[in-house]
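Order of appearance sets the numbers: ligands from 1, and atoms from 1 within every ligand.
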Amino acid sequence: MMATTNIRTQTLDLYRRHVSQGAALIAEQAGAGVEVRSEGSRVWDDQGRRYLDCGGYGVFLLGHRHPDVVAAVHAQLDRNPLATRALLTSELATAAARLARTAPEGLEHVYFANTGAEAVETGLKLARAAGRRRVIAMGNGFHGKTLGALSVTDRPSLQRPFRPLLPEVTMVPYGDPAALARALASDGGRACVLVEPVQGEGGVRIPPDGYLAEVAELCGQAEAFLIVDEIQTGLGRLGGTWWACQKEGVTPDLLLTGKSLGGGCVPVSAVIGTRQAFRPLDRNPRLHSSTFAGSPLAMAAVLATLETIERERLVERAEQVGAKLMAGFAEMSGSGWPVQEIRGRGLLIGIEMRTPAQAGALTASLLENGLITAPPLGDDSVVRMTPPAILSDDEVDEVVHALHQSMGQVAASAG
Ligand SMILES: Cc1ncc(COP(=O)(O)O)c(C=O)c1O
């Protein structure tokens with residue numbers, strides 16, 4: 001065991017030698033400690049410093065180590081964590097039925113995977129199996145870093161070293177139904193359309209109200225295959241409904257989820273789809289599979305997560321907590337914050353600063369003041385918060401206070 005006082009130095013050294021020199025450098029420059037423990041909305045580092053976690057890239061909607069999820073995972077670990085797959089897995093069947101119950105009517109088939117990008121790959125394959133080879137994806141969108149997911153992600157700097165990527169991908173401006181209509185018109189209806197309800201990695205970009213419904217309508221008219229990527233927005237994160245597409249009465253061919261699905265304890269993602277979209281896998285389940293997909297351990301986490309979200313009314317709480325945070329920010333921001341805009345839906349919040357340097361300084365200052373956030377992968381001017389829905393009123397005040405303090409520090413150093 002490493003002595004606690006040396007753990008950071010030793011971890012940095014091991015990163016440099018065995019993980020990534022770049023990752024070590026970034027952590028060193030940010031003064032990041034080593035994460036050693038977590039519980040609820042809190043995380044502790046090796047120096048015993050306690051943080052309020054509003055980061056985690058959208059994974060911790062239930063906070064860390066929710067006791068019901070931990071108990072279910074423990075029990076499954078003691079019973080049968082990974083299945084042989086020679087026999088049936090009842091946990092998989094139960095979790096699939098439970099997840100489908102939360103989704104728009106008509107989405108009843110589920111394929112579980114391990115990561116968001118894997119769910120995207122599955123979606124792209126099912127679209128192809130349905131005869132849709134061309135993908136229309138959105139400018140500034142993010143769907144992951146495996147080759148297929150990267151091909152439909154609008155990040156040239158991440159794509160460049162890996163070209164050629166998937167062919168027949170068209171990007172259209174996000175939030176612009178007319179542009180989508182033009183792209184669909186040039187397609188003869190053989191397209192797959194991929195869209196996020198709010199672009200999380202894109203800097204918390206919120207489209208005009210009714211956009212998703214218009215996208216669905218256009219897809220319906222063109223007989224295009226619609227995939228809604230709710231890996232970041234789903235399971236109630238945007239507040240009010242389980243899925244953002246339910247806010248606009250949209251039923252896509254496929255709905256993608258991940259991140260919070262494992263309750264912050266186990267990595268798991270899923271594709272929820274119509275019977276028609278899943279027909280290729282009905283006919284031949286070997287067409288698409290993965291060794292660890294749908295493991296009993298992950299399924300126990302999924303089931304406990306869904307039940308916890310329902311029992312603790314986290315979908316409603318996400319809306320309430322998000323509204324309280326935004327009200328607190330609005331009240332404080334009058335006092336000269338160097339901010340361009342603060343925008344959000346539920347518990348997906350973006351704080352856009354005037355420059356990337358200010359956003360970097362704000363992230364660092366917030367960490368210093370005990371608040372963890374996550375920079376979006378696609379907009380360096382934005383500091384993103386994805387707080388847990390279990391935040392208490394005192395913790396909401398703590399977030400507002402930390403932001404106020406840090407905004408003051410950023411303003412002082414800029415001025
Ligand atoms: C909307 C969206 N899709 C897909 C992904 C990829 O998920 P993962 O990092 O688990 O592969 C992300 C990750 O941030 C995401 O936000």
Are Glu352 and Arg205 ion-paired here, with the side-chain N under 4.0 Å from a carboxylate O?
yes

With heavy atoms and a 4.0 Å threshold, my read on which part of Tyr57 contacts ligand 1 is neither

The answer for which part of Lys259 has a heavy atom under 4.0 Å from ligand 1 is side chain

In this structure, atom 11 (O) of ligand 1 is nearest to the protein heavy atom Ala117 N, 2.8 Å

The protein heavy atom nearest to atom 7 (O) of ligand 1 is Gly116 CA, 3.3 Å

Inset, instruction - Please check if the side chain of Arg132 supplies one atom and the backbone of Leu226 the other of a donor-acceptor pair under 3.5 Å. - result: no

Mutual orientation of the aromatic rings belonging to Tyr174 and Tyr211 [parallel < 30°, tilted 30-60°, perpendicular > 60°]
perpendicular

Atoms of ligand 1 close to [X] [distance to a heavy atom under 4.0 angstrom, numbered from 1]:
| X | result |
| --- | --- |
| Gln232 | 14 (O), 16 (O) |
| Glu201 | 14 (O), 16 (O) |
| Asp229 | 1 (C), 2 (C), 3 (N), 4 (C) |

OG1 of Thr274 to CG of Leu254, rounded to nearest 0.5 Å, is 6.5 Å

With the threshold set strictly below 4.0 angstrom, can you tell me whether any protein non-hydrogen atom sits that near atom 3 (N) of ligand 1? yes

